[in-house]
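Atoms within a ligand are numbered from 1 in the order they appear, just like the ligands themselves. Below, each value reflects all heavy atoms present in this structure, side chains not excepted, and no hydrogens, waters or symmetry copies.
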Amino acid sequence: MDVIETLPMVPLRDVVVFPHMMIPFVIGRPSSIKALDHALAKTKRIFLSAQHDATRDNPAPDEIYTLGTVCNIVQSLKLPDGNVKVLVEGLDRARALEFREEGGLLKVVVKLVPRESEPPTGVEGLMSKVIGLFEQYVKLSNNLHYDAMLAAVRVEDPGKLADTIASHLVVSVEEKQNLLEIVSAPERLTRIATILEAEVDKLNVDRRIQGRVKKQMERAQKEYYLNEKMKAIQKELGRKDERNNETDELRKKIEQARMPKEAEDKALQELKRLEAMPPMSAEATVSRNYLDWLIAVPWQKKTRERKDLHAAEKILNEDHYGLEKVKERIVEFLAVRQLVNNPKGPILCFVGPPGVGKTSLARSIARCTNRKFVRLSLGGVRDEAEVRGHRRTYIGAFPGQIIQMMKKAGSRNPVFLLDEVDKMSMDFRGDPSSALLEVLDPEQNHSFTDHYLDTEFDLSSVFFIATANVLHTIPQALQDRLEVIRLPGYTEHEKIEIAQRHLVPKQVKSHGLSPENVTFSEGALEELVRRYTREAGVRNMEREMSSILRKVARKVVLEGRGYSVAITAENVGEFLGVPRYRATRQEEHSEIGLATGLAWTEVGGEILPIEVTLMPGKGALRLTGKLGDVMQESAHAAMSFVRSRAEEYGIPREFNRKLDVHIHVPEGAIPKDGPSAGITMCTALVSALTRMPVRRDVAMTGEITLRGKVLPIGGVKEKLLAAHRLGVTTVILPRENEKDLADVPKNVLEAMRVELVDHIDEVLKIALLPPETPPAQVSAEGAGDELGQVPDRMTH
Ligand SMILES: Nc1ncnc2c1ncn2[C@@H]1O[C@H](COP(=O)(O)OP(=O)(O)O)[C@@H](O)[C@H]1O
Ligand SMILES: [Mg+2]
């Protein structure tokens with residue numbers, strides 16, 4: 001049965017009254033006081049419900065929640081200011097059906113929400129969970145009394161428990177109203193559990209943060225206290241002297257460092273600050289570090305420069321075999337530097353593959369000129385701060401590499417090697433090359449400023465030298481400052497000479513051995529060059545040598561100083577295992593569809609095989625091996641050319657209707673782009689189609705036009721060295737590259753034939769052998785049976 005009654009009502013601003021709860025509050029609005037009086041005069045029953053917006057003085061009916069609580073007025077007390085303080089007890093949830101304004105007060109017709117006649121069962125688990133959470137909540141929260149918890153623990157009815165806890169929660173009015181409107185007790189409890197979990201989490205975080213803050217404050221206070229105490233103790237003991245000693249010493253060092261005025265002022269100022277700091281504080285350590293750096297940098301120290309060019313030449317020859325042109329240019333460079341006597345000239349830069357002696361030449365130059373030598377590897381330097389340092393305001397800041405290296409050099413006129421400038425990268429932290437530009441600019445580098453030192457340092461007496469594998473990755477502005485000297489790589493003969501004269505003695509000594517313990521025969525070195533390494537320089541050869549010598553060293557330790565071994569071509573394998581490379585091309589068979597190209601990469605020249613396979617199909621051209629755009633275009637050009645000339649080569653004209661062509665360029669390590677593989681692809685293509693094998697001892701390079709003309713390419717010297725290294729006997733080159741042969745070592749040219757060509761026809765004449773089997777027979781009239789004759793594997 002619905003219970004409906006009419007009651008006076010008071011809209012509440014920021015309270016939600018739950019059934020079973022006693023709540024005190026103050027009433028002030030005239031209409032509310034009238035409603036209260038009305039109720040007191042009758043049944044003492046009143047309807048209380050929250051208004052949507054607490055700031056509204058006269059909320060309209062539709063601004064009041066319709067679900068509220070019918071309450072009993074337990075007490076009321078008129079306050080001197082005219083307000084009334086009331087204590088009410090919540091009885092039942094009720095829904096307002098109709099609002100009426102009558103005689104200056106608000107009346108509502110309400111329908112009571114029926115109480116649950118029997119408590120729901122199976123909610124014990126939920127109840128104890130909610131009680132547990134509520135206990136935590138009360139413990140963590142500063143605003144709630146323990147009594148609240150005790151009151152809750154005693155309640156046995158689930159609905160009543162929910163309301164009791166709900167009224168104690170410190171949450172928004174909306175959330176409370178929401179709880180009031182959930183009629184079902186288990187649902188209400190579930191909602192409360194969710195709220196409590198979130199609140200407990202929040203309070204836990206608050207508490208942790210507070211704990212941390214407190215700990216930090218305590219520590220700071222403790223430190224302060226101890227510092228003060230230490231000062232007092234030191235004063236008591238008269239230890240002021242020790243402090244004075246430190247400062248006196250630093251002052252002396254600052255004077256001895258002969259800094260420029262600006263730097264010295266900075267240092268003395270810092271010293272003054274240091275004196276005022278507690279000696280053991282972190283601040284003092286930072287300050288001392290800074291002073292140490294200022295003192296340690298070579299402001300004035302110089303080594304006496306040697307200017308004797310004869311001596312320089314002698315030293316260069318002592319340290320390096322061959323490289324005649326390079327040495328000549330170095331001596332010229334030194335001469336000009338002396339004459340101009342102002343180092344505004346360009347920066348020497350050695351460019352070439354790894355292991356050709358770039359770094360070691362720079363070291364030699366230092367020896368020639370009696371300068372100290374420092375080397376800064378720029379590979380991977382990507383941050384301006386690495387070059388120029390971090391500001392001192394950063395924790396753990398220190399100077400950049402330039403200043404660090406200058407300190408290491410200990411003189412202000414060293415040879416400073418900027419190794420691998422092409423490997424420097426840039427990213428969001430800034431571009432290190434701009435810092436480097438400033439370092440290398442003679443107009444600016446007398447006043448180089450490191451962020452950490454924060455004062456000018458004069459780099460103008462430094463002899464900078466740079467090295468790089470390739471030029472094109474170096475920013476143009478930097479390239480403009482460089483005087484490039486190229487080192488293309490060594491011939492086999494040169495490598496063996498270098499090994500005999502330099503690498504063997506050096507390595508034997510550095511492994512703690514003597515020439516009595518171990519010798520290398522020429523044959524052994526030849527094996528190292530041919531079968532264990534494949535490189536333009538001698539770095540890997542040196543590495544292989546060192547792994548042989550490690551094994552020898554082991555024997556010497558085990559068997560005594562008298563142990564001796566001769567390394568020969570025959571026994572190298574015992575030390576190094578199976579050879580890594582086949583020595584010569586002649587050992588391999590000439591094959592159909594496989595042509596040998598020559599490529600030019602960062603590490604020097606390389607051999608680049610190109611394979612063509614044909615299979616039944618519809619004339620698709622597939623290119624694999626990660627070819628760059630230019631190389632792909634070049635493949636298409638070769639294909640078009642072959643099609644246009646098919647008849648002349650005895651290739652069925654319509655082959656492209658019946659066959660798919662697959663061009664593959666293996667050798668994953670070599671970057672493949674550029675037009676210079678044009679004639680190689682064309683040769684492999686013609687070979688596959690005519691079944692004429694390509695000579696294995698022939699290598700070629702050259703761009704091809706649609707009409708079959710052969711155009712010149714770059715890197716001739718590097719490519720020829722590679723071809724020579726790998727046992728190629730004939731190299732096909734574009735005629736227009738003839739002039740480049742002047743740079744190629746004589747013994748390389750003597751060791752092989754160089755064929756200069758203008759047209760692809762000449763290339764094919766030289767490179768192709770007579771056919772092994774008849775050419776792929778494909779006629780225009782859908783000759784499926786002819787295709788059947790084509791062997792499964794058409795090439796190789
Ligand atoms: N022409 C040469 N004469 C003597 N030793 C050489 C020669 N070229 C290179 N080396 C030696 O080869 C090794 C590698 O040279 P390195 O200067 O490190 O090469 P890069 O800096 O060009 O990579 C060093 O031990 C170097 O002394
Ligand atoms: Mg190097």
Nearest protein heavy-atom contact for atom 21 (O) of ligand 1: which residue, which atom, what distance?
Thr359 OG1, 2.6 Å

Heavy atom of the protein closest to atom 17 (O) of ligand 1 (residue, atom name, distance):
Ser360 N, 2.8 Å

Side chain, backbone, both or neither: which part of Arg501 comes within less than 4.0 Å of ligand 1 when only heavy atoms are counted?
neither

Ignoring angles and geometry beyond distance, decide whether Pro354 reaches within less than 3.5 Å of ligand 1 through its nitrogen or oxygen atoms.
no

Identify, for atom 11 (C) of ligand 1, the protein heavy atom at the shortest distance, and state residue, atom and that distance.
Leu503 CD2, 3.8 Å

Considering only protein heavy atoms, which is closest to atom 3 (N) of ligand 1, and at what distance to one decimal place?
Tyr321 N, 3.0 Å

Take atom CD in Glu332; do more than 12 heavy atoms of anything else shown fall under 6.0 Å from it?
yes

Can you confirm if the NZ or CZ of Arg481 lies within 45° of the ring axis of Phe464 and under 6.0 Å from the centre of its six-membered ring?
no

Proximity to ligand 1 by part of His502, non-hydrogen separation under 4.0 Å:
side chain

Taking 4.0 angstrom as the limit and counting only heavy atoms of Gly357, give me the atoms of ligand 1 inside it, by number and element.
8 (N), 9 (C), 15 (O), 16 (P), 17 (O), 19 (O), 20 (P), 22 (O)

Which bit of Phe350 gets closer than 4.0 Å to ligand 1, counting heavy atoms only: side chain, backbone, both or neither?
neither

Do any of the N/O/S atoms of Ser360, backbone or side chain, fall under 2.8 Å from the Mg ion (ligand 2)?
no

Over 12 non-hydrogen atoms of neighbours within 6.0 angstrom of OH in Tyr563
yes

Just let me know how Lys506 lines up against ligand 1, side chain, backbone, both or neither, with a heavy-atom cut-off below 4.0 Å.
side chain

On a heavy-atom basis, which atom in Phe373 and which in Ala366 lie closest, and how many Å separate them?
CB-CB, 3.7 Å

Side chains of Lys555 and Asn517: any donor to acceptor distance under 3.5 Å?
no

In this structure, atom 18 (O) of ligand 1 is nearest to the protein heavy atom Arg539 NH2, 3.6 Å

What do you reckon, does His320 have a nitrogen or oxygen under 3.5 Å from a nitrogen or oxygen of ligand 1?
no

Applying a heavy-atom cut-off of 4.0 Å, say which part of Lys358 lies close to ligand 1: side chain, backbone, both or neither.
both

For Leu323, the ligand 1 atoms whose distance to one of its heavy atoms is below 4.0 Å:
1 (N)

From Phe448, Trp299, Tyr452, residue fulfilling ring pair (Phe, Tyr, Trp, His ring centres under 6.0 Å) relative to Phe457
Trp299

Heavy-atom side-chain contact between Lys423 and Asn469 under 4.5 Å:
yes

Any nitrogen or oxygen of Gly355 lying under 3.5 Å from a nitrogen or oxygen in ligand 1? Just yes or no.
yes

More than 12 heavy atoms of other residues, nucleotides or ligands under 6.0 Å from NZ of Lys746: is that the case?
no

Please say whether more than 12 non-hydrogen atoms of neighbouring residues, nucleotides or ligands are located less than 6.0 Å from CG in Asp480.
yes

Between the side chain of Glu494 and the main-chain N/O of Thr491, is any donor-acceptor distance below 3.5 Å?
yes

Does Arg501 CZ have over 12 foreign heavy atoms under 6.0 Å away?
yes

For ligand 1, find out whether one of its N or O atoms is nearer than 3.5 Å to an N or O atom of Ile498.
no

Just by modelled atom types, is the Val470 backbone N or O under 3.5 Å from a matching donor or acceptor in the Asp422 side chain?
yes

Is it the side chain, the backbone, both or neither of Asp319 that has a heavy atom closer than 4.0 Å to ligand 1?
backbone

Write out the residue and atom name of the closest protein heavy atom to atom 7 (C) of ligand 1, then the distance separating them to 0.1 Å.
Tyr490 OH, 3.5 Å

Checking a contact table here: which protein heavy atom is nearest atom 10 (N) of ligand 1, and how many Å away?
Val538 CG2, 3.9 Å

Out of Glu542, Glu420, Gln507, whose heavy atom is nearest to atom 13 (C) of ligand 1?
Glu542

With a cut-off of 6.0 Å (strictly less than), are more than 12 heavy atoms of other residues, nucleotides or ligands near CZ of Arg306?
yes

